Structures are given as structure tokens and as C-alpha cells.
Amino acid sequence: MKIISIVNHKGGVGKSTLSIGLASALAKEYKVLVIDLDPQANTTSILMSEYDEFRSVDQMIVDGENYTAYQGLDQIWCIPSKLSTAKLEAHYAGSAAGYYKVRQVIQQLPQSFDFIIIDCPPSLGWLTQNALNASTHMIVPSTPSKFSADGFDTIMNVYEELKATSNPNIEMLGMILTLVRPITVHNEYKEILREEYGDMILGAQMSNLKDYEEANALFSTITKHAPNGKAGIEVQEITREVKSRLSE
């Protein structure tokens with residue numbers, strides 16, 4: 001089982017769009033679960049209708065029982081988030097055992113999965129550290145901008161610390177460039193990032209396309225909304241590259 005956290009402490013970089021796209025492409029061949037750890041619950045709102053009726057990830061963590069995943073859109077399973085997920089950090093502040101709650105949820109699930117995608121909040125706090133302690137791999141979506149390098153360095157520092165301490169098995173799959181536009185400044189920063197980080201930057205990318213926004217607005221996945229459009233093809237390319245890196 002591969003457990004992949006989608007991580008960036010900056011908001012608006014396409015974490016949820018990438019999580020849903022990757023999950024939907026993988027779900028064509030594998031049994032896939034998405035755990036939404038973002039209190040904004042954007043991913044949950046797309047994958048599950050009327051999700052308020054179901055137990056959320058924070059309820060499972062706090063109660064320590066009745067762990068389960070729910071089948072959502074396009075054969076993707078989901079553990080939903082709610083706004084109350086934001087209260088978890090304060091609830092477990094100062095508790096060393098609290099940093100392994102997501103791992104406990106995964107271990108206690110009655111279902112088994114080939115892939116688990118964890119959509120993290122725009123933070124490197126308790127929720128994201130919990131996700132990383134439960135993960136086998138991590139991916140960083142980031143826009144090609146002057147802030148990307150500094151942000152990636154920060155995330156790499158967190159990754160290296162976790163790998164040296166609480167989760168020695170985690171591996172960095174790399175950065176996926178998102179919201180890419182065919183403009184000079186984006187092309188320049190793409191080259192700068194690739195010169196700085198080499199193979200750590202995936203070749204596949206997500207462009208700034210209306211199809212992604214339309215799919216989200218229609219509570220659909222890009223592989224269903226526009227499978228043969230540029231966005232659908234990009235998601236397929238990302239998925240192929242991620243699978244290739246996982247097999248290395």
C-alpha cells in the first residue's frame with residue numbers, strides 16, 4: 001500500500017485539485033482512498049455529496065473507534081473532513097502520541113487499499129505532520145514563482161527531520177508544478193527550479209486551465225469531465241510519472 005501526502009504550507013497551489021485528479025486516475029486501475037485533512041473540506045465536497053451525514057476524520061481520531069471509509073465519486077473512497085478538523089491540533093497539543101493519530105486511523109480501517117492520498121491543509125502544523133508520519137511518500141505541488149524555491153526548501157527541511165526521527169520510511173517523490181501559464185516569467189522560473197533541484201521537479205505539470213475549475217464547480221473529476229482534453233491528459237501524465245517514480 002502506497003500512502004501519498006500532498007503537501008504545501010502555501011494555499012492556492014492546487015493541492016485539492018491534484019489530490020482529486022491523481023486519485024481519479026489511479027482509481028481506474030486500483031482501489032484508492034482519499035483522506036481529507038483540510039478543514040476547508042474542498043476535496044470532501046467534491047468526492048462526497050451530503051458528507052455531513054458521515055463520520056469525519058476528526059470524529060474518528062477523537063473517538064478512537066468506528067473507523068471507516070466511504071465510497072464516493074468515480075469509485076474513489078473517502079474519509080471526509082469538516083470544519084471541526086481544525087480543532088484537533090489544540091485538542092492534542094503537547095501529546096507525543098497525538099502525532100500518530102492518522103496512522104492509527106489507517107491501520108484500523110476495515111477496508112484495504114492500494115493507494116491512499118492524503119490532502120493536507122496549507123500548513124506544516126499538527127495535521128500535516130500527522131499525515132507525513134502516516135505516509136510512505138509525499139508530493140509538493142507548487143506554482144512556478146519566486147516563492148517556490150524558499151517554500152520547497154522549508155518543506156525539504158521538514159521532510160529530512162521526519163525521515164531522521166519519526167518516519168524513516170517516508171520518501172519524497174518531488175515537486176509538481178501547478179497553475180502553469182505560457183508566459184515568460186513562468187517559463188523562466190520553471191527553468192530556475194529545474195536547474196536548482198534537477199530530477200526533484202517532475203516533468204509532468206498542471207497548467208492553469210479552465211477545465212480544472214469547471215470540474216470542481218460541477219463536483220466532478222477531471223478524468224470524467226474532460227478526459228481527452230489537455231487537463232485530462234496532464235493528469236494522466238502526472239499519474240504515469242508518479243507510478244514510475246514509485247517503482248524505482
Side-chain angles (χ1 to χ4, degrees), residues 2-8 10-57 68-83 85 109 111 113-122 131 139-143 173 176-182 202 204-243 246:
K2 306 298 185 185
I3 306 172
I4 305 171
S5 279
I6 310 299
V7 179
N8 197 322
K10 299 178 183 296
V13 297
K15 285 189 298 295
S16 295
T17 300
L18 176 59
S19 297
I20 295 167
L22 182 58
S24 64
L26 288 169
K28 293 183 178 299
E29 300 180 65
Y30 305 99
K31 190 172 180 181
V32 180
L33 167 67
V34 173
I35 300 177
D36 191 357
L37 281 186
D38 191 339
Q40 298 176 90
N42 293 331
T43 294
T44 296
S45 68
I46 292 171
L47 296 181
M48 297 182 66
S49 61
E50 301 180 1
Y51 60 90
D52 282 338
E53 299 177 4
F54 301 94
R55 286 173 56 76
S56 57
V57 64
T68 191
Y70 305 97
Q71 192 159 17
L73 185 68
D74 292 355
Q75 304 301 310
I76 303 169
W77 292 71
C78 183
I79 296 180
S81 183
K82 294 178 183 176
L83 188 60
T85 301
L109 286 173
Q111 305 96 336
F113 298 94
D114 301 305
F115 286 90
I116 296 178
I117 309 297
I118 305 179
D119 184 16
C120 296
I139 293 173
V140 181
S142 183
T143 57
L173 287 178
I176 293 177
L177 295 174
T178 59
L179 300 176
V180 179
R181 290 182 289 162
L202 274 71
Q205 65 180 33
M206 294 179 67
S207 301
N208 190 3
L209 300 171
K210 66 177 183 178
D211 281 346
Y212 292 115
E213 187 174 348
E214 287 178 354
N216 290 340
L218 294 169
F219 299 97
S220 184
T221 63
I222 196 64
T223 55
K224 186 175 184 179
H225 174 66
N228 299 315
K230 183 177 179 180
I233 292 170
E234 284 184 345
V235 168
Q236 294 171 30
E237 290 173 346
I238 288 170
T239 305
R240 280 195 294 268
E241 189 166 0
V242 167
K243 288 171 63 178
L246 287 170

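Keep in mind the model is a prediction, meaning the values are calculated, not measured.
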Correct closest heavy-atom pair for Y70 and P80 would be CD1-CD, 3.9 Å
Do the charged groups of K230 and E237 touch, with an N to O distance under 4.0 Å? no
Under 3.5 Å, is there a donor-acceptor pair between the side chain of N8 and the main chain of S142? no
Closest heavy-atom pair, K15 versus G11, reported as atoms and distance to 0.1 Å, is NZ-CA, 4.2 Å
*Begin with the C-alpha distance, continue with both residues' side-chain angles, and end with the deciding distance and a verdict on side-chain hydrogen bond (donor to acceptor under 3.5 Å, both in side chains) for T43 and S19.*
CA-CA 8 Å; T43 294; S19 297; 5.2 Å; no
For A69 and L33, the nearest pair of non-hydrogen atoms, with its separation, is CB-CD1, 3.7 Å
When you compare the side chains of E234 and S207, does any donor N or O come within less than 3.5 Å of an acceptor on the partner? yes
In terms of heavy-atom contacts, L26 and T239 come closest through CD2-CG2, 3.7 Å
- Heavy-atom count around E213 CD within 6.0 Å, excluding the residue itself: above 12? no
Problem set entry | Any donor-acceptor N/O pair, T85 side chain to S81 backbone, under 3.5 Å | no
- For the pair K31 and D114, find out whether any cationic side-chain nitrogen is under 4.0 Å from an anionic carboxylate oxygen. no
On a heavy-atom basis, the closest approach of Y212 and T17 is CD2-CG2, 3.7 Å
Neighbour count above 12 (heavy atom, 6.0 Å) for L83 CG: no
So CG of D211 and CG of L218: to nearest 0.5 Å the spacing works out to 10.5 Å
Interatomic distance, CG@L47 vs CH2@W77, rounded to 0.5 Å, equals 13.5 Å
Of I79, L109, D119, the one forming a side-chain contact (heavy atoms from CB on, under 4.5 Å) with I35 is I79
In this structure, CD1 of I46 is separated from CG of N42 (nearest 0.5 Å) by 7.0 Å
Donor-acceptor pair, distance only, cut-off 3.5 Å: does the side chain of Q75 make one with the backbone of K28? no
Minimal heavy-atom distance between L37 and A131, with the atoms involved, is CD1-CB, 3.7 Å
| message | Using modelled atom types and a 3.5 Å cut-off, is there a donor and acceptor pairing between side-chain atoms of D36 and backbone atoms of T44? | response | yes
Practice problem: Would you confirm whether D38, through its side chain, and Q40, through its main-chain N or O, come within 3.5 Å as a donor-acceptor pair? | Solution: yes
Hey, is the main chain of S24 close enough, under 3.5 Å, to the side chain of K224 for a donor-acceptor pair? no
